[in-house]
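Have a look at the structure below, then the notes.
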Amino acid sequence: MRTLTEIEQYRLTKLERMRDRGESPYPHRVQRTHSIASAVQAFDEAVSDGTDPHETDLKAILCGRLRSVRTMGKLAFAHIEDEGGRIQLLLRADVLGVDRLKQFEDDFDLGDIIQAEGTLLRTRTGETTLNTSALRMLAKSISPLPAAKEVDEEGERKTYSAFDNAEARYRERYADLAVNERVREIFRARARILRALRMFLDNHDFLEVETPVLQPIYGGAAAKPFSTHHNQLHQDLFLRISFELYLKRLLVGGFEKVYEIGRDFRNEGVSLTHNPEFTQLEFYWAYADYHDVMCLTEQMVAYVAEQVTGSTMVTYQGQQLDFNPPWERCSLSDLVAEYSSIDYRKFPTAEGLAMVMREKGHDPSMGSTRGKLIESLFSACVESRLMQPTFVVDYPRDISPLAKTTEKDPETVERFEVFMGGLELCNAFTELNDPFDQEERFAQMGREYSNESGDGHPMDLDYLRAMRYGMPPNGGFGMGVDRLVMLLTDQRSIREVILFPHLRAKQ
RNA sequence: GGGCCGCUAGCUCAAUUGGCAGAGCAGGGGCCUUUUAAGCCCUUGGUUACAGGUUCGAGUCCUGUGCGGCUCACCA
């Protein structure tokens, strides 16, 4: 253990003093008759019949973290906090005992986890309070929590000297959570969002499944993977970058509606909206196309917003977002034409498009395909300006190798992405189910039949084999769950909605 | 990976042109039987992220390193 600070040294001597008098600072067993919230509720019910609230005989044993102490000689007030609430303790020398009160003042610190037994009453100022007759240490806190001060003022909790250094908060998320209720609330909302997503999909007869995280051949997205190795099998493996190819194998197997919520890993840059591991929702729906998926998507997100926030109108970074279906559907080509004043339909080759982009002041990277040029135009000119939920529809074929082309244009695929609040949220398409077309698309992407020579991305022959057995036409969908959490909890950074975001190692 | 900005006590922050490193809270010693950012008196606490350099003198200026924030690039 590293060198203790002065404060930690003091706390250690308090701990030793407790041990010396036979009081364990870390006892095995705990008593607890009520959560704080249920004790307060029981008290309110007990006095609702006119019982004198200053003199009840309602007993409770409560547990929680000591969050504030005010001592005044033969009397002290304190607050303890458990997950559901906070309550004041009244510690009187004539109830608790003079010696025990002195021990409390000497040996208990902010941050200690304690147990308090007593009867409930209301103080002169009207606060529900436990008149404490016995105190027990449950876990002595050695290191001081960040010294935020909180106070209820006219119903609103004001925080002073908040622990708000982002790096310190992420590195010591436990301290952040212990001290910042607002942060705990984000992760409760996150849990509700996941529950609502599952509820919605389960109610629509989707089957939740789990597919491999460790994959011999990665695919389903364009990202670079993390790689690892199985020692006994002498096999190189990748952490998945998407679930797509496994989930569609399940449609071949006869499941018609499947979904998975889990972790994807992408070895790419870290940013406000990218964490190396993130939570993805994907579903695949047999006998549906991307129009059906759009309808389900807007219903699903509106349902989750309603369940989690109570409304389909959500404030994100000062903007009102309206999740109420139907959402606007705009073609990619129209949006790009509108915002960049380049109508790429008039430039059928990559060279021609790159030229007009340069004329308009863009800097297209050399050797990009036409689809990549269109995509870069979109992200530069359009993406951050889409505030209200918007389906961006119909993408270039060469950047969408798993999507079926439209019936009228072989260079365009039936694909949509959802943007809102300036964020990309979803990606979906009418899935390609023609094994010959799929093989050709893989080959065009540079997938190789043999990977023995080295770095080429191998052809996923097993996936093609599956498709040759017959894959029902289907619509597929992917959504970044962390980003949905950002939108519904009004957070600008993905790190605020991931409990332990990835940070560079210290030292 | 590039650019810009930041890093001062356990936490939140000051420190004039380069001139004695400070405050509030937390901590320690006291007083106090209805407080709630309790109050009052006294008080401890610093390798100013790290390593160099310039200077009589560096938290402040210069160089490098680390970590972070923002941003750009990358990212079907």
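Predicted model only: the values in this text are computed from it and were never measured. Chain letters run A, B, ... following the sequence lines, proteins first, then strands; residues in each count from 1.
- Comparing atom distances between the A:Tyr10 side chain and each of B:U33, B:G27, B:U36 picks out B:G27 as nearest.
- One side chain, A:Arg70 or A:Gln88, offers a donor N or O that lies under 3.5 Å from an acceptor on the other.
- Among A:Arg21, A:Lys140, A:Lys102, the single residue meeting the salt bridge (Lys or Arg N to Asp or Glu O under 4.0 Å) criterion with A:Asp107 is A:Arg21.
- For A:Tyr290 and A:Phe429, the ring centers sit 6.0 Å or farther from each other.
- B:U36 is unpaired under the criterion used here, namely a Watson-Crick or G-U wobble arrangement in which both key atom distances are under 3.5 Å.
- Counting non-hydrogen atoms under 4.0 angstrom, A:Pro396 reaches nothing in the nucleic acid.
- Residue A:Arg70 has its side chain nearest to B:U35 when only B:U35, B:C70, B:U34 are considered.
- Note on A:Asp398: nothing from the nucleic acid sits closer than 4.0 angstrom, heavy atoms only.
- Among the heavy atoms of the strands lying under 4.0 Å from A:Leu272 are primed sugar atoms or P, OP1, OP2 only; no base atom is included.
- Distance from the side chain of A:Arg504 is smallest for B:C67 among the nucleotides B:G28, B:U34, B:C67.
- Residue side chain A:Thr123 reaches the base of B:U35 through a donor-acceptor N/O pair under 3.5 Å, judged by distance alone.
- For A:Glu268, the listed nucleotide lying nearest its side chain is B:C75; candidates were B:C75, B:G28, B:A26.
- With 3.5 Å as the limit, one finds no donor-acceptor pair spanning the side chains of A:Gln444 and A:Asp398.
- Of all nucleotides present, only B:C72 satisfies the Watson-Crick or G-U wobble test against B:G1, with each distance under 3.5 Å.
- Of the candidates B:C11, B:U71, B:U36, the closest approach to any side-chain atom of A:Pro146 belongs to B:C11.
- If you look at A:Phe283 and A:Tyr259, their ring centroids are not closer than 6.0 Å.
- The side chain of A:Arg495 places an N or O atom within less than 4.0 Å of a non-bridging phosphate oxygen (OP1 or OP2) of B:G69.
- In the interface, the side chain of A:Arg124 is not paired with the base of B:U35 through any donor and acceptor atom under 3.5 Å apart.
- Using a 4.0 Å heavy-atom criterion, one finds that A:Arg266 contacts no nucleic acid atom at all.
- If you check distances only, the side chain of A:Thr125 never reaches the base of B:U34 with a donor-acceptor pair under 3.5 Å.
- Under the Watson-Crick or G-U wobble criterion, with both distances below 3.5 Å, B:C11 is paired with B:G24.
- At the heavy-atom level, A:Ser400 lies nowhere under 4.0 Å from the strands shown.
- Listed candidates were B:U35, B:G28, B:U12. Nearest to the side chain of A:Gln88 is B:U35.
- Taking the centre of each ring, A:Phe419 and A:Phe378 come in below the 6.0 Å mark.
- Residue A:Arg492 is classed as a sugar-phosphate contact, given heavy-atom separations below 4.0 Å to backbone atoms only.
- Residue-level contact check: A:Gly220 touches the bases, meaning some heavy atom is under 4.0 Å from a base atom.
- The side chain of A:Leu90 sits closest to B:U34 out of B:C75, B:U36, B:U34.
- With a cut-off of 3.5 Å on both pairing distances, the Watson-Crick or G-U wobble partner of B:A51 is B:U63.
- A:Arg11 and A:Ser141 share a donor-acceptor pair across their side chains, judged by distance under 3.5 Å alone.
- The A:Arg92 side chain lies nearest to B:U33 when the options are B:U44, B:G10, B:U33.
- Among the atoms of the strands shown, none is found under 4.0 Å from any heavy atom of A:Arg397.
- In the set B:U35, B:G10, B:G69, the nucleotide with an atom closest to the side chain of A:Ile7 is B:G10.
- Listed nucleotides: B:G45, B:G69, B:U12. Nearest to the side chain of A:Tyr170: B:G69.
- Using a 4.0 Å heavy-atom criterion, one finds that A:Thr129 contacts no nucleic acid atom at all.
- Dashed line: the shortest gap from a side-chain N or O of A:Lys14 to OP1 or OP2 of B:G27 is not under 4.0 Å.
- Between A:Arg171 and the phosphate of B:G68, there is a side-chain N or O to OP1/OP2 separation shorter than 4.0 Å.
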